[in-house]
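A short write-up of the structure that comes next.
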Amino acid sequence: MKKWMKAGCCLLLCAVLASSLAGCAKLSYVSSGVSQAISEIKSGEWQQVAEEVTTDDEPVIEPFTAGTYGGIAMETIDDLVNYYNECYNKTKAKTAQYINADGETVEWYAFGGSKEITISDILVDGKSNSVINNLVPQLLSSLYHPTLAGLQPCMNEDPTQDNDENGASLLTSRVTADDLLTANAVDNGDGTVTLTMQPKLTEMSHCGLDPQGRMFTSLNDLGAVVDAVSVFSWASGTTDENVRVTYKGGTAKVTIDVASGEIIEATYIMKAYVKIQHANIAVVHDKSATATVDYICIFPATQEFYDSINISPVE
């Protein structure tokens with residue numbers, strides 16, 4: 001039974017993450033989803049796995065090289081960021097009509113993308129179990145139901161509702177050169193330029209308010225979501241001390257049509273490393289759980305994605 005409840009610690013962590021990225025805490029599903037998952041765990045040997053993630057912030061893309069790309073002079077990363085912001089703002093300003101899942105006509109961002117969340121490297125007290133890993137996709141599918149994404153960061157596909165936690169609009173880019181660990185540009189030779197940016201490591205990011213949050217739709221106050229789940233308590237310490245999220249290694253890659261000054265393709269990959277420690281759940285006490293979150297948004301959305309979320313662009 002204790003092994004099953006250890007699994008519940010990790011599955012509950014995954015449920016909390018999914019609820020945060022869904023934009024609302026579907027807490028009734030969290031508890032029931034974990035209970036169901038625990039009841040399905042019949043076997044599995046725990047095995048020691050690799051060390052925890054370090055807090056080193058290392059580039060994962062090529063460094064910046066000054067030059068002219070598609071006729072656009074980029075002598076510094078400031079120039080690259082200014083060009084990105086200009087094209088981002090122009091692209092995100094456009095809206096289009098859609099038929100939503102309820103059959104209503106709505107006006108959302110014209111340049112919409114798909115969303116995907118994966119949770120991996122799932123450990124409880126530094127150990128992994130294949131049975132739990134196999135249950136995570138099932139739990140995610142019941143909790144996380146993606147909608148259309150606007151250019152990241154984005155909290156709502158409706159521009160009038162796309163605000164940060166302070167109520168300020170996310171319609172325009174807030175990225176600065178100082179937010180980036182590195183960036184680069186490529187002239188594709190076809191009238192387009194591709195920019196790739198890697199924001200600096202950030203602890204406990206808030207969407208729109210820090211280097212990671214100005215580039216990605218980060219998890220905001222994950223601790224508040226944990227506090228709202230009644231089955232959690234702490235063996236020692238507080239929520240702020242026991243819930244940590246390190247964001248690092250994520251990239252944003254955008255392709256811009258130079259003639260129009262608009263983004264025509266983009267892939268945002270946010271990477272977050274989550275740790276919960278000293279957690280009590282039912283009869284299990286003082287456990288830790290860690291996981292890696294990849295939150296991927298790809299633009300433009302495909303017809304297959306529109307079909308999967310039951311949304312249709314109005315022709």
Side-chain angles (χ1 to χ4, degrees), residues 16-25 57 77-78 80-95 108-117 144 146-183 195-226 240 243-254 263 266-274 293-299:
V16 167
L17 295 173
S19 296
S20 295
L21 283 171
C24 60
D57 200 10
I77 289 183
D78 282 278
L80 184 151
V81 169
N82 289 339
Y83 185 58
Y84 169 72
N85 288 344
E86 175 186 336
C87 298
Y88 176 105
N89 296 347
K90 187 173 183 179
T91 306
K92 204 170 182 182
K94 292 189 174 182
T95 60
W108 291 342
Y109 289 117
F111 192 58
S114 61
K115 300 178 184 177
E116 177 185 358
I117 174 178
Y144 181 66
T147 57
L148 196 66
L151 284 172
Q152 302 295 283
C154 180
M155 294 298 291
N156 197 295
E157 61 271 27
D158 181 346
T160 66
Q161 302 298 316
D162 187 14
N163 304 315
D164 66 21
E165 63 189 60
N166 299 319
S169 175
L170 292 167
L171 183 59
T172 57
S173 177
R174 304 178 187 178
V175 176
T176 69
D178 191 54
D179 290 336
L180 302 185
L181 182 63
T182 189
L195 309 179
T196 306
M197 295 159 285
Q198 180 183 347
K200 293 176 181 176
L201 180 152
T202 304
E203 298 282 357
M204 304 302 285
S205 174
H206 290 245
C207 184
L209 303 181
D210 50 58
Q212 290 280 329
R214 285 189 279 271
M215 185 65 73
F216 305 122
T217 303
S218 51
L219 295 168
N220 289 324
D221 189 1
L222 187 62
V225 180
V226 172
D240 287 343
V243 180
R244 306 304 304 166
V245 187
T246 301
Y247 298 79
K248 68 169 190 171
T251 59
K253 183 177 182 179
V254 302
I263 298 172
T267 300
Y268 293 82
I269 303 175
M270 183 192 79
K271 298 186 74 69
Y273 302 90
V274 184
V293 178
D294 289 279
Y295 183 49
I296 304 169
C297 296
I298 299 176
F299 300 79

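Throughout, numbering of the chain's residues begins at 1 and tracks the sequence. This is a predicted model, so every value here is computed, not measured.
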Shortest non-hydrogen separation from [X] to [Y] and the atoms involved:
X    : Y    : value
T172 : Y88  : C-CE2, 3.7 Å
N85  : V175 : ND2-O, 3.0 Å
T95  : P159 : CG2-CG, 3.7 Å
A252 : M215 : CB-SD, 3.5 Å
S205 : S218 : OG-OG, 2.9 Å
V254 : A266 : CG1-CB, 3.7 Å

First locate atom [atom1] of [X], then atom [atom2] of [Y], and finally report the distance between them rounded to the nearest 0.5 Å.
X    : Y    : atom1 : atom2 : result
I296 : K115 : CD1   : NZ    : 14.0 Å
T202 : Q212 : OG1   : CD    : 4.5 Å
D158 : L148 : CG    : CG    : 11.5 Å
N163 : L170 : CG    : CG    : 6.5 Å
L181 : T251 : CG    : OG1   : 12.0 Å

[X] vs [Y] side-chain heavy atoms within contact, under 4.5 Å:
X    : Y    : value
Y268 : Y295 : no
I269 : F216 : no
R214 : P199 : no
Y247 : L219 : yes
L80  : M197 : yes
S173 : N89  : yes

Measure from the side-chain N and O atoms of [X] to the backbone N and O of [Y], and report whether any donor-acceptor pair falls under 3.5 Å.
X    : Y    : answer
K92  : L151 : yes
N166 : A168 : no
D162 : M155 : yes
T91  : I263 : yes

Problem - Donor-acceptor side-chain pairing of T176 and D178 below 3.5 angstrom - result: no

Problem - Polar contact flag, side-chain donor to acceptor under 3.5 angstrom, Q152-T217 - result: yes

Problem - Pairs touching residues 166-177 that satisfy salt bridge (Lys or Arg N to Asp or Glu O under 4.0 Å), sequence neighbours left out - result: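 Non-adjacent pairs meeting salt bridge (Lys or Arg N to Asp or Glu O under 4.0 Å): D164-R174.
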
Problem - Trace of the salt bridge (Lys or Arg N to Asp or Glu O under 4.0 Å) decision for K200 with D210 - result: CA-CA 9 Å; K200 293 176 181 176; D210 50 58; over 6 Å; no

